[in-house]
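Notes for the one structure printed next.
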Amino acid sequence: MRVRFAPSPTGALHIGGARTALYNWLAARHAGGTFVLRIEDTDRERSTPENVEQILDALRWLELDYDEGPIFQSQRADRHREVIEQLLAGGHAYRSNAAAEDVRAYKDRHGADRGFRGEPEETGAVRLRVPDDGATVVRDLIRGETAFQNVHMDDAVIARADGTPLYNLAVAVDDLDAGITHVIRGDDHYSNTPKQLLVLQALGAEQPVYAHLPLLHGPDGKKLSKRHGAASVQELRDAGYLPEAVRNYLALLGWGDVDDETIIPTAELVKRFELERVQKNPARFDEKKLRWMNGRYIRELPVADLTQRLEDYLHRDGKLGGAVFAAREKIQTLADFWPLVGPIYDGPVDDARAREQWLDEAGRAVLAAAREVLAEVPEWDTGHLDEALRRVVEQRSAKPKHVFQPIRVAVVGTTVSPGIFETLELLGRDETLRRLDAALVNTR
RNA sequence: GCCCCCAUGGUCUAGAGGCCCAGGACGCCGCCCUUUCAAGGCGGAGAUCGCGGGUUCGAAUCCCGCUGGGGGUACCA
């Protein structure tokens with residue numbers, strides 16, 4: 001099996017493209033085949049080196065490695081020209097100056113469902129000669145066989161008047177030359193497939209196996225775009241998702257195993273993936289489920305690994321160890337981490353509501369009592385802190401909450417933080433006492 | 001307009017004629033645990049399997065129509 005992922009570098013790699021890449025990769029790895037990367041950069045204006053780098057970067061982050069390429073379509077111009085000449089010489093294509101309005105006029109005369117047929121001219125764009133009878137049948141692993149009646153098809157333009165190739169010619173030739181056996185791509189290419197098949201036929205080539213993946217939609221059912229939140233791989237990374245979680249989630253968007261399990265590590269995905277089981281209808285990208293899944297992956301990561309990921313993500317070196325242990329049960333993305341533990345390092349945040357609710361007279365009394373006990377704790381670790389503060393709870397015959405919350409608000413400024421003992425341990429005795437004192441002074 | 005594809009709870013899906021008056025997951029609601037928030041555990045609401053016809057002893061599963069959604073229809077990819 002030889003498959004390819006062939007993005008056009010017109011911007012960041014979107015989630016839909018990422019899933020296409022994933023499915024190609026999974027199919028190749030499952031079958032022990034070869035995964036080829038081809039960059040379709042024939043659209044000169046939009047295909048910039050920066051855009052190419054963005055795509056390579058996204059694939060790297062997703063850890064989808066390819067075996068061959070990247071092949072740049074733009075560098076195959078000579079071969080494309082050669083094939084165009086061959087088709088022209090063989091009578092499979094002809095030159096024509098017919099424009100869009102000519103095609104429309106033709107349909108007005110012959111019927112809307114009648115494909116355009118042009119007259120050969122000396123110059124002009126190159127059009128494929130489509131037969132009037134018969135049908136071109138696409139064999140697709142996901143959709144089965146579909147017969148496209150040739151009468152309905154226009155004589156497709158396969159090269160510009162200047163001789164440069166158009167998509168339907170270039171893909172067909174490039175896939176053929178690369179020995180691609182399975183073309184796995186988005187459904188938006190489905191209707192154009194017969195044109196490519198006709199090119200292949202004219203070249204006397206076999207048709208590859210196709211697998212057209214249903215498109216991905218946003219939560220509102222519309223085409224996925226910026227306003228749906230994280231829409232590109234870069235944005236997913238910036239939002240603090242783990243690549244292994246993204247792979248798992250994306251794999252399940254449009255594909256399901258018989259077991260119907262949800263958390264499936266990549267190695268297991270490779271083992272189970274089958275193109276035949278890909279869903280036919282489009283799926284919606286639901287970030288809530290990704291968040292949940294990401295949390296699961298975060299909690300399965302050893303603390304040392306998670307620490308490394310957080311340090312990379314936050315561009316911070318070292319000193320996060322204890323905080324990671326304290327926070328890992330409470331975060332779903334890497335981005336959730338700092339808002340939770342940041343106040344421990346950066347100082348209390350300013351949450352007026354929290355202060356009002358917990359640092360009233362009763363709260364301050366708790367603080368004063370806690371301060372005394374904490375000043376005397378023999379060892380500054382969670383065990384001793386636990387013991388000491390429980391004593392305060394008993395002495396005051398208060399609910400634990402009414403002792404812990406004022407302390408929390410005093411040291412981090414708000415009602416949410418890691419466990420109070422872990423928080424204090426990370427703070428250290430001196431800083432804890434300083435913050436308690438500050439709270440007592442400021443709220444008087 | 002024309003051509004093509006698709007259709008299971010809000011979302012992702014399992015289901016390939018009787019095992020299904022439809023199972024799992026996310027989300028939502030409640031309870032438990034509990035120092036906050038989470039995590040975790042338990043439970044619940046939520047689908048006449050888009051609608052209407054067939055075929056069959058029997059249909060989510062097969063056929064037809066309709067409706068809805070999507071894609072294509074560029075000298076873009």
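Atom set for the values below is all heavy atoms of this structure, side chains included, hydrogens, waters and symmetry mates excluded. Reminder, nothing fancy here: chain letters follow the sequence lines and each chain counts from 1.
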For [N] versus [M], give the span between their [atom1] atoms, rounded off to a whole number of Å.
| N | M | atom1 | value |
| --- | --- | --- | --- |
| B:G72 | B:G65 | P | 25 Å |
| B:G50 | B:C31 | P | 35 Å |
| B:G1 | B:G18 | P | 40 Å |

Nearest-neighbour nucleotide for the [X] side chain, [options] considered:
| X | options | value |
| --- | --- | --- |
| A:Val416 | B:C37, B:U11, B:A25 | B:C37 |
| A:Ile420 | B:G40, B:U35, B:U13 | B:U35 |
| A:Thr146 | B:G71, B:C12, B:C4 | B:C4 |
| A:Leu215 | B:C75, B:U35, B:G70 | B:G70 |
| A:Glu329 | B:G70, B:C75, B:A38 | B:A38 |
| A:Val258 | B:G15, B:C75, B:U73 | B:G15 |
| A:Asp154 | B:A39, B:C12, B:U73 | B:U73 |
| A:Arg143 | B:A25, B:C12, B:C6 | B:C6 |
| A:Lys288 | B:U11, B:G27, B:G72 | B:G27 |
| A:Lys401 | B:C12, B:U73, B:U35 | B:U35 |

Roughly how many Å is it from [atom1] in [X] to [atom2] in [N], rounded to a whole number?
| X | N | atom1 | atom2 | result |
| --- | --- | --- | --- | --- |
| A:Asn168 | B:A77 | CG | C1' | 9 Å |
| A:Tyr167 | B:G71 | OH | C1' | 13 Å |
| A:Leu253 | B:C26 | CG | P | 15 Å |

What's the shortest heavy-atom distance between A:Asp113 and A:His152, and which atoms?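 Shortest heavy-atom separation between A:Asp113 and A:His152 comes out as O-ND1, 2.7 Å.
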
Quick one: on RNA chain B, does A:Arg296 or A:Gly256 contact a more 5' nucleotide (nearest heavy atom)? A:Gly256

Most 5' of A:His152 and A:Asp386 on RNA chain B, judged by nearest nucleotide: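 Of the two residues, A:His152 wins.
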
What contact category does [X] fall into here, base, sugar-phosphate, or nothing, at under 4.0 angstrom with non-hydrogen atoms?
| X | result |
| --- | --- |
| A:Ser191 | base |
| A:Ala283 | sugar-phosphate |
| A:Arg284 | sugar-phosphate |
| A:Gly254 | sugar-phosphate |
| A:Tyr249 | nothing |
| A:His189 | base |
| A:Asp257 | sugar-phosphate |
| A:Ala112 | sugar-phosphate |
| A:Asp187 | sugar-phosphate |
| A:Arg277 | sugar-phosphate |

For [N], does OP1 or OP2 lie under 4.0 Å from any side-chain N or O of [X]?
| X | N | value |
| --- | --- | --- |
| A:Thr10 | B:A77 | no |
| A:Gln279 | B:A14 | yes |
| A:Arg299 | B:G40 | yes |
| A:Asn281 | B:G69 | no |
| A:Arg104 | B:A74 | no |
| A:Arg160 | B:A77 | yes |

What distance separates [X] [atom1] from [Y] [atom2], expressed to the nearest 0.5 Å?
| X | Y | atom1 | atom2 | value |
| --- | --- | --- | --- | --- |
| A:His189 | A:Asn168 | NE2 | CG | 9.5 Å |
| A:Asn281 | A:His217 | CG | NE2 | 10.0 Å |
| A:Glu82 | A:Arg76 | CD | CZ | 9.5 Å |
| A:Leu252 | A:Leu269 | CG | CG | 7.5 Å |

What is the base-pairing partner of [N], counting Watson-Crick and G-U wobble geometry with both distances under 3.5 Å?
| N | value |
| --- | --- |
| B:C37 | none |
| B:C42 | B:G30 |
| B:G65 | B:C51 |
| B:G18 | B:C57 |
| B:G1 | B:U73 |

Can you find an N or O donor on one side and an acceptor on the other, under 3.5 Å apart, linking the side chain of A:Lys289 with the base of B:U13? no

Below 3.5 Å, does any donor atom in the side chain of A:Thr262 face an acceptor in the base of B:G24, or the other way round?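 It does not, because no donor-acceptor pair links the side chain of A:Thr262 to the base of B:G24 below 3.5 Å.
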
Classify the angle between the aromatic ring planes of A:Tyr190 and A:His212 as parallel (below 30°), tilted (30 to 60°) or perpendicular (above 60°). perpendicular

Once the angle between the rings of A:Trp255 and A:Phe273 is folded into 0 to 90°, is it parallel (under 30°), tilted (30 to 60°) or perpendicular (over 60°)?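 A:Trp255 and A:Phe273: tilted rings.
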
For a salt bridge (charged side-chain N to carboxylate O under 4.0 Å, His left out) check, start with the C-alpha distance between A:Glu268 and A:Lys271, then their side-chain angles and the critical distance, and finish with the verdict. CA-CA 5 Å; A:Glu268 194 63 26; A:Lys271 225 175 280 177; 3.8 Å; yes

